[in-house]
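Everything below concerns the one structure shown next.
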Amino acid sequence: MSLKFNEKFASRFVSEDDINSIAAKAVEGMNTLTSGTGLGNDKLGWLTLPEDYDKAEFEEIKKTAEYIRNNADVLVVIGIGGSYLGARAVIEAIKSNDYNLFSENTPKIYFIGNSISPSSLNEIIELCEGKDIAVNVISKSGTTTEPAIAFRVFRELVHSRYPAEEAAKRIFCTTDKTKGTLKELSDKEGYKTFVVPDDVGGRFSVLTAVGLLPIAVAGIDIDALMSGAADAMKELCSTDVYENEALRYAAVRNVFYNKGRVMECFVSFEPRMAMFNEWLKQLFGESEGKDGKGLFPVSTVFSTDLHSLGQFIQESGSSHMFETVVKFNECQSDYVIKAQEGNLDGLNFLAGMNMSTVNEKARLGTLLAHTEGGVGNLVIELDKLDEYNLGYLIYFFEKACAVSGYMLGVNPFNQPGVESYKKNMFALLGKPGYESEKESLEKQLDL
C-alpha cells in the first residue's frame with residue numbers, strides 16, 4: 001500500500017476502545033457508500049472513476065493538452081470551487097507553487113473566475129498582453145456568476161485577437177454533455193468540449209476532464225495520477241477499520257468530533273501543498289458542514305504558520321482541534337547547508353546537513369510540542385510527492401470524506417447552503433425575478 005495512516009500521536013486522545021465503539025458506525029458508512037443506498041447516491045461516479053473513466057475522452061484530453069502546449073503561451077482556466085481547486089492543487093504540488101515562474105516548456109496557467117474581484121481580473125488580462133492564449137472554461141451550466149463574468153471577458157479577448165476560425169480553436173469548454181448555456185454556445189461556435197459527468201460533484205471532480213485538462217497542459221503525467229487513484233480504489237475497500245486506512249481515518253476523526261474537537265487543521269511542511277490543503281478545505285467543509293454538523297477545516301503550512309498560528313494551536317487548541325499532517329518521506333530536491341565564516345547566526349552546527357533533515361526535525365519537534373499541548377496529531381505518510389502518490393492521496397481523502405459524511409448522518413454530496421449568498425446577491429443587483437426580496441434586503445442593510 002502506497003499510503004500509511006499513523007495515529008500514534010493521537011493515542012492519548014483516541015483510544016482503541018474509542019475506535020472499537022465507533023467501528024460499526026464506520027462500517028455502516030462504508031456500506032452505505034458502496035451500496036449506493038445513501039443520500040446523494042446520484043453523485044457516486046467518482047467512486048469507480050479510476051477504472052470506469054471514459055478512455056476515449058482521456059486520450060483526447062492528452063491530445064488537446066499537447067495542442068495547447070504547442071500553440072499557446074498562456075492557458076486561462078476559468079472556474080470556481082471544484083472547477084479549479086483540484087487542478088491548481090495538483091499542478092502546484094507536482095510542479096511548484098511558483099509554477100508560472102518555471103514554466104519554460106509549458107504554458108503559464110492563470111486561474112480566474114474564482115472571485116468577482118475586478119483587480120484580479122485586470123491583472124490576468126494584463127499578463128495575457130502580447131501572448132498567445134487559450135481558454136478553458138469549466139462550468140456545468142455556464143451561468144455561475146463568477147466564471148460566467150470572466151468567460152465573457154476572455155471570450156471577447158480571444159475573438160478580438162484572432163480570426164473567428166482560429167478563435168474557436170483556442171476556447172475549450174468543460175461542461176454538461178448535452179445541455180446548458182455553455183454547451184449550446186460551444187455547439188454554435190465550434191468550441192471543443194469535454195464533459196463534466198452528471199454523477200460527479202465539483203469537489204470530487206479533479207480526476208475528470210474538469211481537472212485533467214489543465215493538469216495535462218502543465219506537463220503532468222495524468223496516466224500515473226489515475227494509476228495511483230486506481231490502486232487506492234482497489235486497496236481501500238475493506239470494511240475492517242484495522243485494514244482499511246481510509247475507513248480508520250474516517251473513524252478516528254469522528255471520535256475526535258464526538259469528543260468536542262470541532263476543528264481539523266490540515267498541515268503540510270511543503271509550501272507547494274498549500275493549494276492541496278485548500279482543496280481539502282472545500283472537500284470536507286462542503287461535504288460535512290450541514291445540518292449543524294461537521295468539522296471546521298483549517299489549512300496551514302508549517303513551519304511558516306507556526307510563526308502566526310503556532311501560538312494559538314499550542315496553547316488554545318487543546319479543547320477544540322486536532323491536526324492531520326500529510327508527510328512525504330522523500331523530498332523532491334534538497335540543499336546542503338554550508339558553514340559560514342564567523343558563525344554570526346550561530347547555525348554552523350547545521351553545516352553539512354541536508355535542509356530536508358532540518359525540515360523533518362521541525363516536523364517532529366512540532367508534533368511533540370502540539371501533542372504535549374493537547375492537540376492530537378494524525379499523520380498520513382507517502383513515499384514521495386509524485387503523480388502516482390498524489391492520485392492515491394486524492395482518492396484516499398475522497399473516500400474517507402464520503403464515509404465520514406455518512407457517519408455524521410448528512411448527505412456528503414450536496415451543498416444547499418452555497419445558494420443563500422447567491423439569492424441575496426442577485427436580489428441586491430436587481431436581477432429579474434428577485435424584485436420582492438430586493439427592498440427587504442436593502443432595508444436590513446440600511447441602503
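All residue numbers refer to positions in the sequence shown, counting from 1.
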#### Entry: All pairs passing salt bridge (charged side-chain N to carboxylate O under 4.0 Å, His left out) where residues 158-168 contributes a residue, at least two apart
E166-R170
### Query
Pairs in or reaching into residues 208-227: which pass salt bridge (charged side-chain N to carboxylate O under 4.0 Å, His left out), with residues at least two apart or in two chains?
K62-D223
### Message
Restricting to side-chain contact (heavy atoms from CB on, under 4.5 Å), what partner residues turn up for T366, sequence neighbours left out?
### Response
F269, F302, L306, H370
### Message
Between E156 and R152, does any side-chain N to carboxylate O distance fall below 4.0 Å?
### Response
no
### Query
More than 12 non-hydrogen atoms from neighbouring residues, nucleotides or ligands closer than 6.0 Å to NZ on K188, yes or no?
no
### Query
Do we get K423 above Y421's six-membered ring, with its NZ or CZ under 6.0 Å from the centre and within 45° of the axis?
no
### Summary
Between Q415 and the options R203, Q282, K290, the side chain to side chain donor-acceptor pair (under 3.5 Å) test singles out R203
### R253/E288 salt bridge by N-O under 4.0 Å criterion
yes
### Message
Can you confirm if the aromatic rings of F312 and H320 lie within a centre distance of less than 6.0 Å?
### Response
yes
### Task
Classify the angle between the aromatic ring planes of Y249 and F397 as parallel (below 30°), tilted (30 to 60°) or perpendicular (above 60°).
perpendicular
### Query
Do D176 and S141 have side-chain N/O donor and acceptor atoms under 3.5 Å apart?
no
### Task
Decide yes or no on side-chain contact (heavy atoms from CB on, under 4.5 Å) for E51 and K234, but give the supporting numbers first.
CA-CA 10 Å; E51 281 190 350; K234 295 170 187 173; 3.2 Å; yes
## Note on the structure
Applying salt bridge (charged side-chain N to carboxylate O under 4.0 Å, His left out) to D198 and not counting sequence neighbours gives K140
### Task
Among residues two or more places apart or on two chains, list those pairs meeting ring-ring contact (aromatic ring centres under 6.0 Å, His included) that have a residue in residues 202-226.
W46-F204, F204-F413
### Donor-acceptor pair, side chain of T106 and main chain of S103, under 3.5 angstrom
no
### Task
State, without any angle test, whether N329 and K327 hold a side-chain donor-acceptor pair at a distance under 3.5 Å.
yes
### Task
Could you list all the ring-ring contact (aromatic ring centres under 6.0 Å, His included) pairs where at least one residue sits in residues 210-248, not counting sequence neighbours?
none
